[in-house]
Undergrad: 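One structure is given below, represented as structure tokens, and several questions about it will come after.
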Amino acid sequence: MLEFNATFIISLISFIIFIVIMNAIFYRPILNVINEREKYINDRYDDAKNSKNKAQGLLEQKEKRLSQTVSEAKKIVSETVAEANTEAKNKTDAVKIKCAQNIQSKKNNLRTQEYETVKVLKQNIKDLAENISSKILGENYKIENIDEEFINKVLK
């Protein structure tokens, strides 16, 4: 069994003194260094985490601004295209109206010229018919009634 004698008590006291000395000289400074190192690592980890969160926030802001800019650009482009289409339609309509007026004016001029030409032709036909009649009959012969329908048929 165990005997409790003076050797045991001296060994126990010397062990306790050794532990106290070791704790004061060796373990406490090592624990302080370990604690400081752990605090330093935790601080750097927190800094890195905060920086990552800030970077993530900035990235989200950038993406949000980019999407807003893209949507605004699309809106501006669509408005500009619509405006250009409206302007082109207005100009095209104005040109169509001007061309239609020009065509109508030219048609009216042609009708007037046609009427004048038909009138001159009828007079020339009448004069030619009177000349032929005079040459055939040998006397001056004036034609009074002209068949307008027949002359119109011939001219068309």
Side-chain angles (χ1 to χ4, degrees), residues 16 18-156:
I16 291 176
F18 176 75
I19 294 292
V20 168
I21 291 172
M22 287 301 284
N23 196 15
I25 294 174
F26 186 69
Y27 294 129
R28 193 167 287 146
I30 288 178
L31 285 176
N32 286 341
V33 169
I34 290 173
N35 287 337
E36 285 177 19
R37 182 80 172 151
E38 191 173 309
K39 184 178 182 263
Y40 177 80
I41 290 170
N42 286 337
D43 288 346
R44 295 301 147 256
Y45 179 76
D46 290 341
D47 289 344
K49 195 173 183 181
N50 289 338
S51 294
K52 182 181 176 184
N53 289 339
K54 284 181 183 178
Q56 189 68 27
L58 290 174
L59 183 62
E60 288 173 3
Q61 283 179 342
K62 177 186 153 197
E63 289 176 1
K64 185 177 178 181
R65 285 182 190 166
L66 182 63
S67 66
Q68 287 176 343
T69 304
V70 167
S71 65
E72 288 175 9
K74 285 182 181 178
K75 182 181 175 185
I76 289 170
V77 166
S78 66
E79 288 174 354
T80 304
V81 166
E83 200 173 290
N85 286 341
T86 303
E87 187 175 332
K89 185 182 180 307
N90 290 342
K91 287 183 178 180
T92 303
D93 290 345
V95 168
K96 282 181 183 178
I97 290 171
K98 188 174 181 181
C99 287
Q101 290 172 345
N102 195 8
I103 289 171
Q104 189 62 39
S105 171
K106 298 296 180 185
K107 281 182 180 179
N108 289 340
N109 287 344
L110 285 175
R111 282 190 193 115
T112 304
Q113 287 177 358
E114 177 188 26
Y115 176 75
E116 295 289 327
T117 305
V118 167
K119 190 174 170 184
V120 169
L121 277 175
K122 285 181 183 178
Q123 183 61 41
N124 287 344
I125 290 172
K126 180 181 172 193
D127 291 343
L128 184 62
E130 287 177 352
N131 274 343
I132 292 172
S133 300
S134 295
K135 292 209 182 216
I136 292 175
L137 297 176
E139 57 186 67
N140 250 352
Y141 187 74
K142 293 281 180 195
I143 299 175
E144 298 295 325
N145 293 332
I146 299 176
D147 190 2
E148 295 281 334
E149 262 184 50
F150 179 72
I151 293 175
N152 288 336
K153 261 187 190 179
V154 170
L155 289 177
K156 289 185 182 182

Undergrad: For the atom pair CD1 (I16) and CG (N23), what is the distance rounded to the nearest 0.5 Å?
TA: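 Nearest 0.5 Å value for the CD1-CG distance: 13.0 Å.
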Undergrad: Please check this pair: side chain of N35 against backbone of L31, looking for a donor-acceptor N/O pair closer than 3.5 Å.
TA: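 Present.
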Undergrad: If you round to the nearest 0.5 Å, how far is NZ of K96 from NZ of K91?
TA: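 Interatomic distance, K91 NZ to K96 NZ, rounded to 0.5 Å: 15.5 Å.
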Undergrad: To the closest 0.5 Å, what do you measure between CD1 (I76) and OG (S71)?
TA: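 It is 9.5 Å, given to the nearest 0.5 Å.
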Undergrad: So does K64 pair up with E60, basic N to acidic O under 4.0 Å?
TA: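 Answer for the salt bridge query: no.
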Undergrad: Using a strict cut-off of less than 4.0 Å between a Lys/Arg side-chain nitrogen and an Asp/Glu carboxylate oxygen, indicate whether K49 and D46 qualify as a salt bridge.
TA: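 A salt bridge is absent here (no side-chain N lies under 4.0 Å from a carboxylate O).
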Undergrad: Under 3.5 Å, is there a donor-acceptor pair between the D127 and Q123 side chains?
TA: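 D127 vs Q123: donor-acceptor pair found between side chains.
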Undergrad: Between N102 (side chain) and K98 (backbone), is there a donor-acceptor pair under 3.5 Å?
TA: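 Absent.
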Undergrad: Is there a donor-acceptor contact under 3.5 Å from the side chain of S105 to the main chain of Q101?
TA: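 No, because the side chain of S105 does not come within donor-acceptor range (under 3.5 Å) of the backbone of Q101.
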Undergrad: Could you tell me the separation between the CG atom of N42 and the NZ atom of K39, rounded to the nearest 0.5 Å?
TA: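 Answer rounded to 0.5 Å: 9.5 Å.
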Undergrad: Could you measure the distance from the CZ atom of R111 to the NZ atom of K106? Nearest 0.5 Å is fine.
TA: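 NZ of K106 is found 14.5 Å from CZ of R111.
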Undergrad: With I30 as reference, evaluate I34, V33, N32 under the side-chain contact (heavy atoms from CB on, under 4.5 Å) test and give the passing residue.
TA: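 Filter result, single survivor: I34.
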Undergrad: Checking K52 against Q56 for the side chain to side chain contact (heavy atoms under 4.5 Å, CB included) test, could you report, in this order, the C-alpha distance in whole Å, the side-chain angles of both residues, the deciding distance, and whether it holds?
TA: CA-CA 6 Å; K52 182 181 176 184; Q56 189 68 27; 5.6 Å; no
Undergrad: Looking only at heavy atoms, which two atoms of A24 and P29 are closest? And how far apart?
TA: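 It is O-CD, 3.9 Å.
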Undergrad: Rounded to the nearest 0.5 Å, what's the gap from CD1 on I21 to CZ on F26? Could you check?
TA: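 The distance works out to 14.5 Å.
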Undergrad: With sequence neighbours left out, write down each residue that passes side chain to side chain contact (heavy atoms under 4.5 Å, CB included) with R65, or none if nothing qualifies.
TA: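 Expected list: none.
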Undergrad: Above 12 or not: heavy atoms from other molecules or residues under 6.0 Å from CZ of R37?
TA: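 No - once you tally the heavy atoms of other residues, nucleotides and ligands closer than 6.0 Å, there are 12 at most.
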Undergrad: Less than 4.5 Å apart, any side-chain heavy atom of T80 and any of E83?
TA: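 The answer is no, as the side chains (C-beta and beyond) never meet within the 4.5 Å cut-off.
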